[in-house]
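Below is one structure, written out as structure tokens; the observations come after it.
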Amino acid sequence: MEVEYKINEPITTDQFVDLLKSSTLGERRPIDDRECMEGMIANSNLTVTAWDAGELVGIARSMTDFNFACYLSDLAVSKDYQKHGIGKQLQIITKEQLGPKCYLILIAAPAANTYYEHIGLTNVPVCWALPPGDSISS
């Protein structure tokens, strides 16, 4: 396995959806909403991808200002490629693209909490979310 990492390499919506399906992240993303998936790819301003023989096998998809905050929205590695350090390398390369004072922020699936702690991220138990369809109370 010779994995190649690329920064901001264009990917198609189909490649993205196929990767999400082949990882556990597809269960928590709107993979059947093509317009949403297209927007997720089009509006990301930092992607780090992992490729094996031209096949997309991993992605770290982020939105960032490169100086203060980087929200790593999707970290996905195909199940066949998990436990080979690809997810960790995607995060390392993402962090290398950021300024020295920039936070790397992500929301982990409950099953992944021990993984992130294991590689050195700090658990910050303060996060708030407004689900789609809900509105800010007056």
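From a predicted model like this one, the values you see are computed outputs, not experimental measurements.
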| said: Quick check on the hydrophobic clustering: are Ile119 and Leu98 connected, directly or via other members, by side-chain heavy-atom contacts under 4.5 Å? | reply: yes
Between Thr64 and Thr94, does a side-chain contact (heavy atoms from CB on, under 4.5 Å) hold up when you go through it step by step?
CA-CA 10 Å; Thr64 183; Thr94 297; over 6 Å; no
OH of Tyr71 to CE of Met63, rounded to nearest 0.5 Å, is 6.5 Å
Note to self: Run Met40 and Asp74 through side-chain contact (heavy atoms from CB on, under 4.5 Å) and show every step you take.
What the structure shows: CA-CA 10 Å; Met40 290 167 69; Asp74 294 316; 3.4 Å; yes
Taken to the nearest 0.5 Å, the spacing of Ser73 OG from Asn43 CG works out to 11.5 Å
In terms of heavy-atom contacts, Ser44 and Thr47 come closest through CB-CG2, 4.1 Å
To the nearest 0.5 Å, atom CG of Asp80 lies from atom CD of Glu55 at 8.0 Å
Note to self: When you group the ILVMFWY residues by side-chain heavy-atom contacts below 4.5 Å and let the links chain together, are Ile31 and Phe16 in the same group?
What the structure shows: yes
- Task: Please indicate whether Lys88 has more than 12 foreign heavy atoms, meaning atoms of other residues, nucleotides or ligands, lying under 6.0 Å from its NZ.
- Result: no
Check against side-chain contact (heavy atoms from CB on, under 4.5 Å), Ile7 and Leu46: CA-CA 7 Å; Ile7 300 164; Leu46 176 59; 4.1 Å; yes
Tabulate below the donor-acceptor pairs under 3.5 Å that side-chain atoms of residues 17-24 make, not counting sequence neighbours, or state none.
| unit_1 | atom_1 | unit_2 | atom_2 | d |
| --- | --- | --- | --- | --- |
| Ser22 | OG | Asp18 | O | 3.4 |
| Ser22 | OG | Leu19 | O | 3.0 |
| Ser22 | OG | Ser78 | OG | 3.3 |
| Ser23 | OG | Leu19 | O | 3.4 |
| Ser23 | OG | Leu20 | O | 3.1 |
| Ser23 | OG | Leu25 | N | 3.1 |

**Request:** Could you walk me through whether Ile41 and Arg61 pass the side-chain contact (heavy atoms from CB on, under 4.5 Å) test, one step at a time?
**Result:** CA-CA 8 Å; Ile41 291 297; Arg61 186 183 70 82; 4.3 Å; yes
### Message
Surrounding OH of Tyr103 (heavy atoms of other residues, nucleotides or ligands, distance under 6.0 Å), is the total greater than 12?
### Response
no
- So, do Val3 and His84 sit near enough that their side-chain heavy atoms are less than 4.5 Å apart? no
Check: Hey, quick one: are Leu106 and Ile93 part of the same hydrophobic cluster, counting side-chain heavy atoms closer than 4.5 Å, chains of contacts allowed?
Finding: yes
CD1 (Ile86) and CG (Leu75) are apart, to the nearest 0.5 Å, by 10.5 Å
Contacts of Asp52 meeting salt bridge (charged side-chain N to carboxylate O under 4.0 Å, His left out) (sequence neighbours excluded), chain-then-number -> none
Quiz item: Are any of the side-chain heavy atoms of Asp14 and Arg34 separated by less than 4.5 Å?
Solution: yes
- Side-chain contact, heavy-atom cut-off 4.5 Å: Tyr5 with Thr49? no
Between the CG atom in Leu72 and the OG atom in Ser62, the distance rounded to the nearest 0.5 Å is 3.5 Å
Under a single-linkage definition using a 4.5 Å side-chain heavy-atom cutoff for Ile, Leu, Val, Met, Phe, Trp and Tyr, are Leu90 and Tyr81 assigned to the same hydrophobic cluster? yes
Interatomic distance, OG1@Thr13 vs CD@Glu38, rounded to 0.5 Å, equals 4.5 Å
